[in-house]
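Since the model is a prediction, treat every value here as computed from it, not as a measurement. The sequence lines fix the lettering, A, B, ..., with proteins before strands; numbering per chain opens at 1. Basis for what follows: all heavy atoms, side chains included, without hydrogens, waters or symmetry-related copies.
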Number of protein chains: 2
Amino acid sequence: MKKTVLVFGLLILALLLLFQFSKYTLISGDLQIEYIMAFVALAFLGIGLFINKRTQKQRPLPNREIDLNKVEELGLSKREYEVLKEVALGLSNQEIAGKLFVSESTIKTHVSNLLVKLNAKRRTQAIQISKNLNII
Amino acid sequence: MKKTVLVFGLLILALLLLFQFSKYTLISGDLQIEYIMAFVALAFLGIGLFINKRTQKQRPLPNREIDLNKVEELGLSKREYEVLKEVALGLSNQEIAGKLFVSESTIKTHVSNLLVKLNAKRRTQAIQISKNLNII
DNA sequence: ATCTATTTGGTACTTTAGTATGAGCCTTCC
DNA sequence: GGAAGGCTCATACTAAAGTACCAAATAGAT
């Protein structure tokens with residue numbers, strides 16, 4: 001938003017400067033009108049392309065954003081959510097335990113709890129549900 | 001590629017026409033140089049933005065299309081692939097068996113085979129791998 | 001400071017998942 | 001008409017996953 005305003009401000013400024021410049025050069029007759037025209041055309045073509053790239057960079061998010069609000073709504077604790085993400089990566093309880101430096105029993109407890117909160121019967125179903133809710 | 005050449009060809013043509021136009025108007029003195037300049041600037045700004053949008057439209061393909069070729073490459077049979085999709089939906093072997101009207105033993109065999117072909121240790125990992133390969 | 005929710009962990013148990021092996025039945029492809 | 005691959009199913013087993021119940025330490029909020 002602020003960037004857009006800034007860019008357009010600079011554009012207007014550039015336009016005004018170009019007008020002044022063209023006047024002076026026309027009066028003094030140093031430059032031919034064709035060159036000035038070509039310069040202006042290329043400059044604004046470049047500006048157009050530049051704005052294009054800017055807006056392109058801001059785009060790559062339209063797909064899916066993780067909805068952390070829904071995580072709270074579900075009552076998932078921080079640790080449970082962490083375990084859920086590992087489950088979704090395809091890790092076993094044992095592997096998750098090793099990764100998070102806790103025992104397998106702990107992971108089992110977490111998984112069991114998050115299954116209830118997600119209303120899932122299996123971890124594979126939990127993955128599917130989580131994807132539909134955009135929380136992973 | 002061809003479109004790019006076409007666009008630039010048209011650009012050059014437009015430039016030449018503008019030059020001719022500016023010469024005539026200058027000679028005849030009908031229009032002031034500032035207006036012509038402003039017109040050229042806006043026109044090329046628009047062209048720049050237009051090119052931008054064109055290239056943007058060509059981008060939205062990185063979304064995700066199911067790559068059936070990769071399914072063949074992996075050597076997954078029709079039935080195995082079918083089972084894989086059900087697994088990814090979070091169903092148990094028993095549920096899949098009921099859905100496809102075969103015994104649970106059959107599903108176990110299919111799952112076991114597809115795990116080998118996908119180089120996965122668990123069905124959850126198979127899901128993850130399949131998503132990365134864009135086959136589900 | 002007290003209370004609540006979280007995190008951790010254990011035991012004991014049931015249920016799924018996954019492996020190994022063998023076998024019968026089809027279809028397709030030389 | 002074999003050979004090969006795919007689909008089906010079974011048994012027997014091992015390995016995970018999941019449930020139930022309990023309990024202690026911790027952190028955060030009131």
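When the options B:His110, B:Glu95, B:Glu82 are evaluated for a side chain to side chain contact (heavy atoms under 4.5 Å, CB included) with B:Leu100, the one that passes is B:Glu82. Screening A:Lys85, A:Lys78, A:Arg79 for a side chain to side chain contact (heavy atoms under 4.5 Å, CB included) involving A:Tyr81 leaves a single residue, A:Lys85.
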Hey, mind stepping through B:Leu84 and B:Val71 against side-chain contact (heavy atoms from CB on, under 4.5 Å) and telling me if it holds?
-> CA-CA 11 Å; B:Leu84 172 61; B:Val71 177; over 6 Å; no
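The backbone N or O of A:Lys121 sits less than 3.5 Å from a side-chain atom of A:Gln125, completing a donor-acceptor pair.
To the nearest angstrom, P of D:dG18 lies 9 Å from NZ of A:Lys108. Between A:Glu86 atom CD and D:dA17 atom P the separation is 14 Å, expressed in whole Å. At whole-Å resolution of the value, CG in A:Leu115 and C1' in D:dA20 are 14 Å apart. Distance, A:Ile107 CD1 to D:dG18 P: 12 Å, rounded to whole Å.
Between B:Arg122 and D:dA16 there is no side-chain polar atom (N or O) within less than 4.0 angstrom of OP1 or OP2.
Taking each heavy atom of B:Ser92 and B:Arg123 in turn, the nearest pair found is CA-NH1, 4.2 Å. Taking both residues in full, the closest heavy atoms of A:Asp67 and A:Leu133 are given as CB-O, 4.1 Å, listed atom of the first, atom of the second, then distance.
Note that CD1 of B:Ile96 is 12.0 Å distant from NZ of B:Lys108, once rounded to the nearest 0.5 Å.
Using modelled atom types, one finds a donor on one side chain and an acceptor on the other under 3.5 Å when comparing A:Thr106 with A:Ser103.
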Scoring nucleotides 3-9 of chain D by protein non-hydrogen atoms under 4.0 Å (B base, S sugar-phosphate only, - none) yields ---SSBB
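Read 5' to 3', the first and last nucleotides of DNA chain C with an atom closer than 4.0 Å to a heavy atom of chain B are C:dA17 to C:dT19.
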